[in-house]
Structures are given as C-alpha cells and as structure tokens.
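Down below is the structure, laid out as structure tokens.
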Amino acid sequence: MTREIRLILPDRSERTVPAGTTAREVAQQIGPRLAKAAIAARVDGEVRDLSRPLVADAPLEILTEESPDALWVLRHSGAHVLATAVRQLFPQAQIGFGPPIDDGFYYDFDVGRPFTPEDLPRIEERMREVVKADFPFVRDEVDREEARRRFKDDPLKLERLEELGDDDVISVYTDGPFVDLCRGPHVPSTGRLKHFKLLHAAGAYWRGDSRRQMLQRIYGTAYFTKDALEADLRRREEAEKRDHRTLGRQLDLFSIQEDVGPGLILWHPKGAVIQFQLRRLIEDEVLKRGYDLVYTPHVTREQLFRRSGHLPWYEHNQYPAMAAAAGEAEEVRYRVKPMNCPLHILVYASRQRSYRDLPLRLAEVANVYRNELSGTLHGLLRVRGLTMDDAHIFCREDQIEDEIFGMLDLTDFILGKVFGLQYRLDLATRPEKKLGSDEQWAAAEQALSRALERRGLTYGLDVGGGAFYGPKIDVKVRDAIGREWQGTTLQLDYELPERFQLEYTGTDNRPHRPVMMHRAIFGTIERFVGLLIEHFAGAFPLWLSPEQVRVLPIAEGQVEAARRLHERLRAAGIRSVLDDRNDTLNYRIRDAELMKAPYMAVVGQREVEQGTVAVRVRGAGKKQDIVPVAEFIERLRAAIASRALEP
RNA sequence: GCCACCGUAGCUCAGUGGUAGAGCUCUCGAUUCGUAAUCGAGCGGUCGUCGGUUCAAAUCCGACCGGUGGCUCCA
C-alpha cells in the first residue's frame, strides 16, 4: 500500500495524495484549466518540473505564466531549444552553459566556425521546427558513469560534471535529439516556447575566464505572450533611439575623434554647458555642506603612486611614465594621475592636524586618465579621460556614521531631488582578503548600516563585495526606461591613511590615525551626462538645457525686434538662440523641436506691436501662450532657479 | 586585451571586379511665410590606412587603425 503525503496549496487548503504523484497530476485534480496553464511547480520553495514525483509533505504551488519564476523556466528551456537547433545545424558544436538571464537567455558553444549574423535567422527557423515538434523535456537522474558516457563528446560538460560533488544529484534533460547536463527545471515541452527571438551573437570566455578559450555565445529572449515579446523589442528600440552617442551627435553635444584618441571626449559648446551646470551644482552644494575645494595637478612624480600602492598594482590601468622634467635626474619619471586620492592626502598631510580639523572634506572636480582596455570603451559611459566629482573625507572612526549619513543625504539631494531619479543601494561587506582587524571591519560595517537605517533607506547586501581596504556603498540609478546605472560609490579606506602614515592629534595630545573615505556622487561627469542624455532622451530640463529659448521671427519685418528680445534674454542670463535664417517658420520650428529647445519664442507683427511673445513649449505642439516679454523672462528665471524638471 | 561584425560626402545610407551615387546638412539665389520639412542651383569623397592579387579593386586577400555587440575589467 502506497504512502500518503500531504500537500499545502497556496490557499492554505490541504490535499492528500499518494507519494509519487506528480505536480502535473495534482494540477489536473484541481482543474483542467490549471493543468493546461501549468508551467512548473514550486515544491517546498524550490521550482521543479511538473513531471517530478512528489515524495514528501510539502507546500505546493502550481506556477503558471503569471509567475515571474515561470518566465525564468521558459527562458531556460529557450536556451535548450536554441542548443537543440544549433546541434542540428552544426553537429560538431560542443556545448557550454545556457542559463536564463535577466532579460532573456544565452547559450555558449564551442564551434569550429564562429557564428555570423546570417546564422541567427537560420538557427531561429530551426528552433521553430523544434518548437513545432513539441518534444517533451524529460528529466533523468543518472550516476556519474552514465553521465560521462552520455557527454563523452562534450569536454565542456565533462569538466562541469567532474566538479559536481558525490552528494549532488546528476540530472540530465532530453528534448528530442538534444541531451544536456542540467539542473533544470524546464517547461513540459518545447511547444511551450512560442514567442522568442534571437538577438545577437558574441564571443565569451569559457567560464568567464580570460585565460580560457573563447566560446561563441548566442543571446535571445522569450516571453509567454506575443504582446510581452513585442513590448520588449519596442523597449530595445526605444533604448536605441535614446542612445547617447546618437543623440550626442544629433544635438551637437560632444564628439570622439580618431585624431585625438579613443575614450577621449571633445565637449562641444552645447555639451560643455551641461558639464558646466553639473560642476556648478555639485561645487555649490558641497560648499554648503562643509567641504573645501582643492585643485591638484594632472601630472605627478611616479614616486607618489608607488607610495600609494597604485604602482604596480594599478599600473595596467595607468598611462606609461613620462621622462623627467628639464634639469631633473634621468631616473625621475612622471605619471598622469588615474585618481586624486594621493594628492588630496598630501593636502591633508601638508601640516599637523588636530581632532578639531576633522572631518576634513576635500573636494575637486578633476580630470584623471585611465588606460582602459580598448574593448571596454563605450561612448561617454566608459572613457579614458574622465572627470570625477571626487572628494575625500578624513575623519575619526566615531565620525564615520555621520559622514556616511551626510553623503547619503547629498546623494539623495542630487540624484533624487534635483534629477528625480530613483536609485537603489547596496552595502558591500568585507571580502576574504582584507586589510585591518575584524573588529575594525565590524565597526565600520555597522556604522555604514546605521547611517543607512537612520536615513530610513532600504538596501541590499553584497556580502564579501567590499574592497580589501574597506567596505562601501554602491548606488545604482534607475533611468526613465528602467535601466540601472552604476554611478555613485561611497568607499571607506583604511589602507591609504596607513601607507601615508596620516595622523591627527587627539584630545589626549597623542597621535591617532584618521579614517579616509572616497566618494563621487555623479561617478564621472562623462557617464552621468550619458545617463542624463538617455534618461531625458535629449530633452533636458530648462536649467540644464544647452539652449533654453529659440527666438523665431516670423518674417523679415520682425528680425530686429526678435534680435532685441534675444539680447534681452541673454542679458537676463538665459541661453537664447536667435534663428533668423531665411527659412519658413514651419521649418525653423521643426528644427527647434528636433534640437529639443525647451522654449520657442515666436515673434510676429502682433507680438511686436503688443510687446508680447508667442511661447511654444517643446513637445506641446501648436498650443501657444501669448505673454508679455517681461513676464516670459520672469517665468524662465524662476524655473531655472528652482531647477524645475518640467519642461 | 579576447571573439565576431562593421568602416563609401559633415550625417543617414545605396553601390559584389570595368570612369563614385541619393536624401539631409552646408553655401548661393528666389520666396517673407502665424506653429514639425518652400523651390532651384552649387560645394563636398584618392570609398578608414598600408600592402597584396588582377589588364582593372569601394568591391577579392592580409595587416594595422577606429567603431559596434559581447567576454574580461570597471566610474
């Protein structure tokens, strides 16, 4: 007689079935509609195949298309269908890993000939045949010998197999002709994969290790409904339209030119306005918050970076040394700085410090240069010449919490209040290899989390993710279309004060070692401007907009009056552009809209006579607003002063 | 740095071995216009660079430079 087991369903009801019943059978008992919609099951918290027998008492949830976990299962199966198709078209292809990822899935192959873009439609077509065949996903648990036999022609799978411990269950999934070493779970059959698309092929190191061979990775995505797939493809298109490199050219913000070098930005006048506003914003704000500004050189003796420990540790990221300056010994070398900390430390160490000086907050919006690998460069987001809104805070251990609190407040002011951005925080804690005692780390981590909690912030934990010299808080910014950007970091540092033997005199008249913190709110101005371009899709808020008003005379008769208005606006500190070109009004309005000018001030005969201006707001169509010139100027000034986000 | 793909006018792109093209931008002329493209003309390219194959190369091959998508790295 079979044993009975008790299952607890999400509605808290209980169901007793014979041990060995599958989740699919339970779903059928509950209702045929549920059985049909079922993708997988959550048994005792673990997502499993519907076909797996239930052997013990457990909470059971049948997962349908509604469940986010089911989407991961679908995508995982999508990766297998991809591999099934690739193996048919490229029988010699060896298989690596094929997991679901945030927005889709991929599969890695070791194939004699790399995939070309033309291969993707072929593979996709073959995938549709695999889907049509509706192969069931069959799970087998096998012993090691059996697994070795099945994957004898797949060295990558064998490598993975040998890493599995003796207690690990070795499971193998088969769909039609394709067999994979895989933990699962999967959808019931390949026919469930209805809405998918292959996106691109790329190289990827086996196991993410740059010393291992390069595999060919194919990325794709899948959804349960056609609408969801199409919405995703539209999102990708939208992201492409917002691409800061395209908008940067269209709006004439910046360029990167071969004659200058990769990763080095030429800021054109319009882009420079944005950078200037950001610098002003952060410098003004920082001064209000008790920081001091400093300026330090771009080039220093190499010796400084030896002392700081950056050489040779960071050398691969630094530009090579320059010869000695005139009159110096030959062996003296100079370096362009990749970071500012050693220089700010020298400012600190330039005289004796008292506990009364602390916290000392030194800020500098500074250019630094890093010799980044060529393949990592990307528009404004990854550059070699970068502008950091850097600051270093020197304080006592008991001041850490307040300082972190202050930084979080500044971060929230800039990102949240000024730019209306949402963001997420992660606290990265002590790694295996670390400098300093456990007590010191514990105190520091507690100070960080207390500061976070005092601000009422929720945050994630990145256990072991801190640098060896101290814990940190990473800030990830979310943009208008939901993408996350690494920007702000707040980093504690016990290493550099040690290396530079920094001291302050305490109330006890004895020397003490200060703690140091690094922080950049924007991260780099380059990346932040890139983020802003994509976040606002080039339509910057008035205060940030390179061009704030475009003055448009309707016909030649109003050019003089329009010029006077333009000059009046300029005199009021407003960035006005006069467009008196010999083109139709329609043409010039279109141009102003495309260049994302927030306001258009149209001047016709009526406006000249009445001392008014016809105001058109960017993106608002032909709805116009006739206002007296003085009132228009006042409105603009108020909106600029308040850094209003609209328009 | 690694893998793949790409590089034609300022921009977007067409041109698969036989004398370099279009639209937009720009300049000039006409038009003087009431809220997203007026008409016409003109300027503009040793087809990324160097080398090779060929009677002949934008086109085929190689190297290099630059870009794109990823990997590694990372602000």
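The sequence lines fix the lettering, A, B, ..., with proteins before strands; numbering per chain opens at 1. On a predicted model such as this, the values are computed, not experimentally measured, just so you know.
Regarding A/F522, its CZ atom lies at a distance of 18 Å from the P atom of B/rA75, rounded to whole Å. Rounding to whole angstrom units, CG of residue A/D583 and P of B/rU32 are separated by 14 Å. Rounded to whole Å, the distance from CD1 on A/I218 to C1' on B/rC3 is 13 Å. Nucleotide B/rA75 holds its C1' atom 13 Å from the NE2 atom of A/H392, rounded to whole Å. If you measure from atom CZ of A/R236 to atom P of B/rG69, you get 13 Å, rounded to the nearest angstrom. Distance A/L381 CG to B/rC73 P: 19 Å, rounded to the nearest Å. Residue A/D579 contributes atom CG, which lies 19 Å from atom P of B/rU32 at whole-angstrom precision. Rounded to an integer number of Å, the gap from A/R249 CZ to B/rC24 P is 19 Å.
Across every strand in view, B/rC33 sits unpaired, with no contact that passes the Watson-Crick or G-U test at under 3.5 angstrom. Nucleotide B/rC28 forms a pair with B/rG40, judged by Watson-Crick or G-U wobble geometry with both contacts under 3.5 Å. B/rG17 is unpaired under the criterion used here, namely a Watson-Crick or G-U wobble arrangement in which both key atom distances are under 3.5 Å. Across the strands present, B/rG62 finds its partner in B/rC50; the criterion is a Watson-Crick or G-U wobble pair with both atom distances under 3.5 angstrom. The nucleotide B/rU12 finds its pairing partner in B/rA22, both defining distances of the Watson-Crick or G-U wobble pair being shorter than 3.5 Å. Nucleotide B/rC71 forms a pair with B/rG1, judged by Watson-Crick or G-U wobble geometry with both contacts under 3.5 Å.
A/Q558 places no side-chain N or O within donor-acceptor distance of the main-chain N or O of A/P553, the cut-off being under 3.5 Å. Looking only at distances, no side-chain donor or acceptor of A/K270 sits under 3.5 Å from a matching main-chain atom of A/E547. The main-chain N or O of A/Y423 is never found under 3.5 Å from a side-chain atom of A/K476 such that the two would form a donor-acceptor pair.
For A/W485 and A/E534, the side-chain atoms include no donor-acceptor pair closer than 3.5 Å. Side-chain contact, A/H344 with A/E364: a donor N or O sits under 3.5 Å from an acceptor N or O.
Out of B/rA36, B/rC71, B/rG70, the shortest distance to the side chain of A/A202 is found at B/rG70. Nearest to the side chain of A/Y205, among B/rU72, B/rC3, B/rU38, sits B/rU72. Checking B/rU72, B/rC33, B/rG66 against the side-chain heavy atoms of A/E258 singles out B/rG66 as nearest. Comparing B/rA36, B/rU72, B/rA75 against the side chain of A/I589 picks out B/rA36 as the nearest. Closest to the side chain of A/K622, out of B/rG66, B/rU25, B/rA36, is B/rA36. In this structure, the nucleotide among B/rU32, B/rA36, B/rC3 sitting nearest to the side chain of A/M214 is B/rC3. Picking from B/rC3, B/rU25, B/rC26 the nucleotide with the shortest atom distance to the side chain of A/R581 gives B/rC26.
Here A/G375 lies in heavy-atom contact (under 4.0 Å) with a base. Residue contacts for A/G487: at a heavy-atom cut-off of 4.0 Å it reaches the sugar-phosphate backbone alone, with no base atom in range. Among the protein residues, A/Q605 comes within range of the nucleic acid bases, having at least one heavy atom under 4.0 Å from a base atom. Among the protein residues, A/E593 comes within range of the nucleic acid bases, having at least one heavy atom under 4.0 Å from a base atom. In this structure, A/E240 reaches neither bases nor backbone, as no heavy-atom distance under 4.0 Å exists between it and the strands shown. Nucleic acid contact class of A/R384 (heavy atoms, under 4.0 Å, all strands): none. No contact: A/A592 has no heavy atom under 4.0 Å from any strand. A/H316 comes within contact range of no nucleotide atom at all, as no heavy-atom separation falls under 4.0 Å. At a threshold of 4.0 angstrom between heavy atoms, the contacts of A/D209 with the nucleic acid are absent.
Between A/T489 and the phosphate of B/rA75, there is no side-chain N or O to OP1/OP2 separation shorter than 4.0 Å. For B/rC2, the OP1/OP2 oxygens have no side-chain nitrogen or oxygen of A/R211 closer than 4.0 Å. At the phosphate of B/rG1, OP1 or OP2 sits under 4.0 Å from a side-chain N or O atom of A/S374. Contact between the side-chain N/O atoms of A/R382 and the OP1/OP2 oxygens of B/rU68 is not found at any separation under 4.0 Å. Between A/R616 and B/rA36 there is a side-chain N or O to OP1 or OP2 distance below 4.0 Å. Phosphate proximity of B/rC71 to A/Y219: present, with a side-chain N or O under 4.0 Å from OP1 or OP2. For A/Y369, no side-chain nitrogen or oxygen approaches OP1 or OP2 of B/rA75 to under 4.0 Å. Residue A/H200 has no polar side-chain atom (N or O) positioned under 4.0 Å from OP1 or OP2 of B/rU68.
Residue A/G621 is the one, among A/G621 and A/K472, whose nearest nucleotide of RNA chain B lies closer to the 5' end (criterion: closest heavy atom). Where A/I256 and A/A204 each meet RNA chain B at their nearest nucleotide, the meeting point lying more 5' is that of A/I256.
Shown here is A/R581, whose CZ atom has more than 12 heavy atoms of other residues, nucleotides or ligands within 6.0 Å.
Taking 3.5 Å as the limit, the base of B/rA75 and the side chain of A/E372 contain a donor-acceptor pair of atoms between them.
Taking the centre and axis of the six-membered ring of A/Y106, the NZ or CZ atom of A/R217 falls inside the cone set by 45° and 6.0 Å.
Ring-centre distance between A/F305 and A/Y314: not below the 6.0 Å cut-off.
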Please evaluate residues A/F109 and A/Y107 with respect to the criterion ring pair (Phe, Tyr, Trp, His ring centres under 6.0 Å), reporting the C-alpha separation (whole Å), side-chain torsions for both, the decisive distance (0.1 Å), and the verdict. CA-CA 7 Å; A/F109 303 95; A/Y107 212 111; 5.1 Å; yes
